[in-house]
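Following: one structure in structure tokens, then a few remarks.
Throughout, a chain's letter reflects where its sequence line sits, starting with A, and its residues are numbered from 1.
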Amino acid sequence: MTAEPHVLTVTDEWKKPWPSIDQDNEAFWDGLKDHKLLVWKCKDCGAVYWPKAYCQHHENQPFAGNCEWVEASGRGRIFAFNIHHMAFHPGFREELPYHYALVELDEGPLISSQLVGDNLPSDIHSVGQQVEIVYEDHPNEGFTLPKFRILEG
Amino acid sequence: MPKHPSSGKYAIIGLGVVAGPQPDRSERMIAAECARLAIADAGLTRDDIGGAIDLRRTGGGGDRASYSDTFTRVLGTKNNFYFTMGRGGALAGLGIAAAMSYLDRGIADHVLLMGAVTDWSQSQVSRKKGFRGMAHTEKRGYWGKPLGDSRAASHHSWMAARHMAVYGTTSRQLGAIAVAERAWANLNPEAKMHGRPMTVEDHQNSPIIADPYHLLDLSQVSDGGIAFVLTTAERARDRPKPPVYVLGQGFGEVSRDLWWEKKNFTHMAVEPAKSQAFGQAGLTLDDVDCAQLYDCFTGEVLLQLEDYGWCKKGEGGAFVESGAIGPGGSIPVNTSGGLLSCYHLGDLTGLAESVRQLRGEAGERQIKDCNVVLTTGHGGELVSPGMCSIHTSTLLGRHA
């Protein structure tokens, strides 16, 4: 992982659907603001989940108390992706066309988000590229979105 | 294989369909009207209906206002129970299972099941606000919404994308599914796309919505309602229309697999559903005369053809390119035109077509000697990177 995470700061007024932040994922969203990608890890067996879940491998303590949020590497590989040529919501119109990917994190879980930056793939058949998280700060709205860029080389 | 005691014990005796754009009508009036048609088709009256199930994509979670003004109140049925249920496009499959338990206990003699939507009319309104498709029908708050995963076409296309990446499936092969269904629609005057022939080139030239999906990989946005009446096999015998028997039902759910095992991008939860349904019915895949496979997008058809075993995993593309699922093919699929080319009323689209095929009412598209039809449903919460997780499998037959 690079010493300094990639950060984009966006001060334009937010015109897209808002993130849904609740009791289960508040710590995750706070982590993003601190430029940390958190995943949910079982203290007993080390299994990693995202989003929050009871550990699938054995019995759990009440409310999955045997698990905790830990910082992930922020790296993974493209599992599948698509390229949006139509905006279903007007907030995305100016970004067309944009890439959206399922990313298999190095820790195991799948997460999905927009791909940003250069060298984005164009052939849907081509997957497995290494990606790294980009933190997109929205200081006016008080949240940070996780996006991914292609790692070079 | 021995049949389960429940196989053939219940039957569909009435079907009511309201199809096509209904811009001047409310959802509850469309609902009441298709219910009225279904009751009349069964040769019954409103007083015979002991219970009603309102099939909704959102089930019990969000449409509660309708309880105060249900279609049963509008129509005036005498039912002792009424509730909403459903999970995305899994509607009729779930509803039949629930209705059979009421019939089994004698709580009702006849259960009315109904699903209605005004998606097309609503889409015309929301389009003016800058939204496309059915943005209004999906709940706020699933993971990808602020990030650009705005709609079903976006996250469903990952299934096709992943299948393409793993097995080399092509967009032209997905197009072959759309073309086959359009060919069926051209034999069905009720289909939205009747009279509009389509080729793979048309599919390839249609606008790319969310690559790999072109416009012609997407299903219709529809208005309409479908209702049907379910009763016991004994009561079904003296009805005006030939009974359509429920031979077997099965359900699968991949929510546990969603994030961890990453299986549901090239498979659907067919395996348990298939073994339950076919096991109850004492049937095999070879007994199925036609299949109404849930087809919100072309990719779902591809996955199910493989998952049920009409072809091997990964070979669905070549299978559909061979013409196997179109008119004259070895396994006719979505013979009404399906959600892609007929209309989108969830799995009720396939259910209605199954009833018509088994009654011999399918006109030009009638499958000869049609005795057994498979109808599937698919749906679930739209939480990316998870996907619609439920699969329902219903085997209907001309003989008990």
Chain B contact via [X] - which portion, at a heavy-atom distance below 4.5 Å:
X: A/Glu104; result: side chain
X: A/Phe143; result: neither
X: A/Pro146; result: both

Looking at every non-hydrogen atom in both residues, tell me the closest pair between [X] and [Y] and how far apart they are.
X: A/Tyr100; Y: B/Leu147; result: CE1-O, 3.4 Å
X: A/Phe81; Y: B/Trp158; result: C-CD1, 4.4 Å
X: A/His85; Y: B/Ile208; result: CB-O, 3.1 Å

Give a yes or no on whether [X] atom [atom1] has more than 12 heavy-atom contacts from other residues, nucleotides or ligands under 6.0 Å away.
X: B/Glu271; atom1: CD; answer: no
X: A/Lys52; atom1: NZ; answer: yes
X: B/Arg172; atom1: CZ; answer: yes
X: A/Lys43; atom1: NZ; answer: yes
X: A/Lys147; atom1: NZ; answer: yes

Hey, could you give me the [atom1]/[atom2] distance between [X] and [Y], rounded to the nearest 0.5 Å?
X: A/Phe92; Y: B/Lys145; atom1: CZ; atom2: NZ; result: 10.0 Å
X: B/Arg162; Y: A/His125; atom1: CZ; atom2: NE2; result: 12.5 Å
X: A/Asp123; Y: B/Met164; atom1: CG; atom2: CE; result: 7.5 Å
X: A/Leu102; Y: B/Phe265; atom1: CG; atom2: CZ; result: 5.0 Å

Heavy-atom pairs under 4.5 Å with chain A, option from B/Ala165, B/Ser171, B/Gly168, B/Pro207 with the top count: B/Ala165

Most contacts with chain A, counted as non-hydrogen pairs under 4.5 angstrom, among B/Gly148, B/Ala161, B/Ala210: B/Gly148

Part of B/Thr169 within contact of chain A (heavy atom distance under 4.5 Å): backbone

Sequence-distant partners of B/Phe251, ring pair (Phe, Tyr, Trp, His ring centres under 6.0 Å), two or more places apart: none

Polar side-chain atom of A/Asn82 near backbone of B/Ser154 as donor-acceptor pair, under 3.5 Å: yes

